[in-house]
Trainee: 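So that we are looking at the same thing, I have put the structure below in structure tokens.
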Amino acid sequence: MRILQLHSNFIVYKPVEKEINIAEESKKEETRLEEIVVLFTAIEEGDSDALSKKAIDDVRAFLGKLKVNRILIYPFAHLSSNLSQPSLALSIIKDMEGYAKANGIETFRAPFGWNKQFTISIKGHPLAEQARSYASNQVTTASQASLPIESNKEAPVSAALKAEDTLKSYWHILQTDGLLVPIEGYKFKGKSNLQKFSQYEIKKTRAVTQMPPHVPLMKRLEIADYEPGSDPGNIRWYPKGRMMKALLEQYVSMRIAQYGGMEVETPIMYDFNHPSLSSYLNRFPARQYVLKSEDKELFLRFAACFGQFLMAHDAQFSYKQMPVKLYELTRYSFRREKSGEVVGLKRLRAFTMPDCHAFCTDLEQAKKEFIIRFDLCIDVLENIGLIKDDYEIAMRFTKDFYTENKDFIKNLAQKFGKPILAEVWNERFFYFALKWDINFVDNQNKAAALSTDQIDVENAKRYDITYVDEKGEKQYPLILHCSPSGALERDIYALLEKAYRDQMTGKPPMLPLWLSPTQVRLIPISDKFLNKVEEFAQQITNHCIRVDIDDSSATLQKKIREAEQEWVPYIIVVGEKEIESGMLSVRVREEKKQEPMTIQQFIIKISEKISGKPFKPLPLPMYVSKRPQFHG
RNA sequence: GCCUCGAUGGCUCAGCCUGGUAGAGCGGCUGCCUCGUAAGCAGCAGGCCGCGGGAUCAAAGCCCGCUCGAGGCUCCA
């Protein structure tokens, strides 16, 4: 007996004419069945009734997995060249039908002995197509693999990706005292975020039902939106969002300049066939945007590494100048992530990432530099608005590296002050000896990496980057790769997710003051006070504070409601009282209350809170009534 | 790439099962109201019901295909 079992969206068949004289009676009508498992069945020489039970039992096991309970038994002679006698075949088929029905399966059957035409739509999942064959002496099944339809297509998978499958990694928790505890024995008491993150990394569980909260927020707050006219993951930024992103760009660039990074700019596209690039690139064939220009094949960069490495290759430097630090703000880095995994601001195909490389003489220098950058990353994130409670760290290294650099790793763990998820390999496969990343855990318990730094022990050689040592000899440096903030879009994602979480716990959701598009909203009680309000606005603007005026004709209550919904941190209603007394009643979002103060006091208070941060003027007209609406 | 679900004014969504005139709220526009800390009132405009095909006297609705989106699977240097 041979059965081809197909999980189908639908099948339509129509008996055309009788093929043999013992054919069953049937009308020549079209039959359509949906959501059904179709069993194309051929009965072979020597098959017995016992086989029909065995076959149906197997089918029943599959129905459970497929969550379907309807089958169509479809006599199909073409599966075998060793068919049994038609009369016996019909009896076995009827037997199958009866046994299936007796087992509670909703069973249909196509007529035996007819030439039938059919159309079938087969589902695409791995279990949808199964073939079995049964011999009567020993009831064996040759399932799945024996079928030629079976797709064993080898997708072009890079060596690195393949290795990840087979690579054994051992998960530990790195405690603040530098000790590694196997994760099985670790008590996560009070560390639920770390536990969630560990689960995410190790088990790769991704059970989620709703849209991530930051997506509706980014739209409603007119920060960013999908751009259907582009490719998925290429985002459109509205004025408010563009301003926020520009401020982040300025801030991170400033911090890296202070650290000593020399800002450069390199091309966004590279020649696929460039000798230094191709060996690196060929490890990740499926990930690039590829474009053709005349007879050249180019790819869009996925990080700043290429440009900076090619630049470093041509540059001349010695141990005296090291570490040499190059920095670029990549706008953009492109990664052609699979369509199903691109989400909101969390995972994009085009994103903005600060990328700072430090070329170091040896491991001692690299370690020293690494610590400085670790502090820098944590501080940058904190200033952006993400504190240690908001994220967890994952660190990856080999057993040997840990043994040889215990103090160094302990130092990092102590600095962080919270346990760290550690992935330990027996052998180094990747190009780095040590890597860590900061991971934000969002409202769906999904993790997204922000800041990261790595010690790269391979690429200097690959790109032939050298420095001159004390003896005048050429040496390969170690390269640190660091993004102190991670992708800036992702920072905004994290801020929005964090705000949503605040809202859920009863705190007012808001953006950090220095990133808020409107920092202060002035609301005149009536048109009469508009002139005076404009004077206030001018005074506040003079101190580099973004202030706007709601001059619309709505009621006072409505204007306040709208300002609150825009997450405006300070709302000031101005009427006769304020103008006469000079005392403003400032509605402070953060504290959910109103505070009286003079305009000077107010300006000082705000200025203190945003000192040290870059400033950009209001991204929209000062008068609310003059603003277009970018999102319904 | 696969699975599931979805696509209806600018936005959010109802209507679809059971075919027969396309609905609401928000937003927009116009007018009234000039207001004391989270939604004032009234009127008006605005829709190729994603695209293509099929069955039907008749399709937003039923059937098929396609496109796009969301979530999941897979994957994530």
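A note on names: the letters A, B, ... follow the listed sequences, proteins ahead of strands, and every chain is numbered from 1.
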Trainee: Would you find a donor on one side and an acceptor on the other, under 3.5 Å apart, between the side chain of Arg589(A) and the backbone of Glu564(A)?
Mentor: yes
Trainee: Mind checking what makes salt bridge (Lys or Arg N to Asp or Glu O under 4.0 Å) contact with Glu297(A), not counting sequence neighbours?
Mentor: none
Trainee: Specify whether Tyr289(A) and Phe334(A) have parallel, tilted or perpendicular ring planes, treating 30° as the upper limit for parallel and 60° as the lower limit for perpendicular.
Mentor: perpendicular
Trainee: Determine the Euclidean distance between corresponding C1' atoms of G25(B) and C68(B); express it in Å to zero decimal places.
Mentor: 27 Å
Trainee: Could you tell me how far apart Phe630(A) (CZ) and G27(B) (P) are, to the nearest whole angstrom?
Mentor: 19 Å
Trainee: Distance check needed: U74(B) C1' versus Arg347(A) CZ, whole Å only.
Mentor: 12 Å
Trainee: In whole angstroms, how far is the P atom of A70(B) from the NZ atom of Lys219(A)?
Mentor: 8 Å
Trainee: Expressed in whole Å, how much space separates the P atoms belonging to U21(B) and C66(B)?
Mentor: 30 Å
Trainee: Send over the distance from Ile455(A) CD1 to A77(B) P, rounded to a whole Å.
Mentor: 18 Å
Trainee: Rounded to whole Å, please give me the gap between OH in Tyr431(A) and P in A77(B).
Mentor: 9 Å
Trainee: Give the stems involving RNA chain B, where a stem is 3 or more consecutive Watson-Crick or G-U wobble pairs (i with j, i+1 with j-1, and so on) under 3.5 Å.
Mentor: B:1-7 with B:67-73, B:10-13 with B:23-26, B:28-32 with B:40-44, B:50-54 with B:62-66
Trainee: Determine the Euclidean distance between corresponding C1' atoms of A55(B) and G71(B); express it in Å to zero decimal places.
Mentor: 33 Å
Trainee: Mind checking what makes ring-ring contact (aromatic ring centres under 6.0 Å, His included) contact with Phe374(A), not counting sequence neighbours?
Mentor: Trp436(A)
Trainee: Nearest-Å distance, CZ (Arg336(A)) to P (A77(B))?
Mentor: 17 Å
Trainee: Using the P atom in both, what is the distance from C48(B) to A22(B), to the nearest Å?
Mentor: 13 Å
Trainee: Hey, what are the protein-to-nucleotides 66-69 of chain B N/O distances that come in under 3.5 Å?
Mentor:
none

Trainee: For U56(B) and U18(B), measure between their C1' atoms and round to the nearest Å.
Mentor: 16 Å
Trainee: Between protein and nucleotides 43-46 of chain B, what N or O pairs are separated by less than 3.5 Å?
Mentor:
none

Trainee: Does Leu221(A) have any side chain to side chain contact (heavy atoms under 4.5 Å, CB included) partners at least two apart in sequence or in another chain, and if so, which?
Mentor: Ile223(A), Leu496(A), Trp567(A)
Trainee: Can you list the residues that meet the salt bridge (Lys or Arg N to Asp or Glu O under 4.0 Å) rule with Asp502(A), with sequence neighbours excluded?
Mentor: Lys507(A)
Trainee: Would Lys461(A) count as a cation-pi partner of Tyr463(A), with NZ or CZ less than 6.0 Å from the six-membered ring centre and within 45° of the ring normal?
Mentor: no
Trainee: Assess the residue pair Tyr570(A) and Phe602(A) against the criterion (ring pair (Phe, Tyr, Trp, His ring centres under 6.0 Å)); give the C-alpha distance rounded to whole Å, side-chain angles, the decisive distance to 0.1 Å, and a yes or no.
Mentor: CA-CA 10 Å; Tyr570(A) 299 97; Phe602(A) 177 71; 5.5 Å; yes
Trainee: What's the gap between U12(B) and G53(B) when it is taken at their C1' atoms, as a whole Å value?
Mentor: 32 Å
Trainee: Taking G50(B) as the reference, what is the distance to C33(B) when you measure between their P atoms (whole Å, please)?
Mentor: 43 Å
Trainee: Run the salt bridge (Lys or Arg N to Asp or Glu O under 4.0 Å) test against Glu576(A) and tell me which residues pass, sequence neighbours left out.
Mentor: none
Trainee: For Trp425(A) and Phe432(A), take the angle between the two ring planes, folded into 0 to 90°, and tell me which bin it lands in: parallel under 30, tilted 30 to 60, perpendicular over 60.
Mentor: tilted
Trainee: For atom P, what is the distance between A14(B) and U8(B), given to the nearest Å?
Mentor: 10 Å
Trainee: Arg220(A) CZ to C13(B) P: how many Å, rounded?
Mentor: 14 Å
Trainee: From CZ of Phe351(A) over to P of A77(B), roughly how many Å is that when rounded to an integer?
Mentor: 12 Å
Trainee: Ignoring hydrogens and angles, write down the donor-acceptor pairs under 3.5 Å from the side chains of residues 620-632 of chain A, residues two or more places apart or on other chains.
Mentor:
{"residue": "Tyr623(A)", "atom": "OH", "partner": "Glu534(A)", "partner atom": "OE2", "Å": "2.6"}
{"residue": "Ser625(A)", "atom": "OG", "partner": "Asp551(A)", "partner atom": "OD1", "Å": "3.1"}
{"residue": "Ser625(A)", "atom": "OG", "partner": "Asp551(A)", "partner atom": "OD2", "Å": "2.7"}
{"residue": "Arg627(A)", "atom": "NE", "partner": "Pro621(A)", "partner atom": "O", "Å": "2.9"}
{"residue": "Arg627(A)", "atom": "NH1", "partner": "Asp548(A)", "partner atom": "OD2", "Å": "3.3"}
{"residue": "Arg627(A)", "atom": "NH2", "partner": "Asp548(A)", "partner atom": "OD2", "Å": "2.8"}
{"residue": "Arg627(A)", "atom": "NH2", "partner": "Pro621(A)", "partner atom": "O", "Å": "3.0"}
{"residue": "Gln629(A)", "atom": "NE2", "partner": "Gly632(A)", "partner atom": "O", "Å": "3.1"}

Trainee: What residues form a ring-ring contact (aromatic ring centres under 6.0 Å, His included) with Tyr493(A), not counting sequence neighbours?
Mentor: His214(A), Phe440(A)
Trainee: Output all residues satisfying salt bridge (Lys or Arg N to Asp or Glu O under 4.0 Å) with Lys558(A), sequence neighbours left out; order by chain, then residue number.
Mentor: none
Trainee: How would nucleotides 31-41 of chain B be written as a contact map, 5' to 3', with B for base contact, S for sugar-phosphate-only contact and - for no contact, using protein heavy atoms under 4.0 Å?
Mentor: ---BBBBBBB-
Trainee: Report yes or no: does Arg490(A) contribute a side-chain atom to a donor-acceptor pair with the main-chain N or O of Phe351(A) at less than 3.5 Å?
Mentor: no
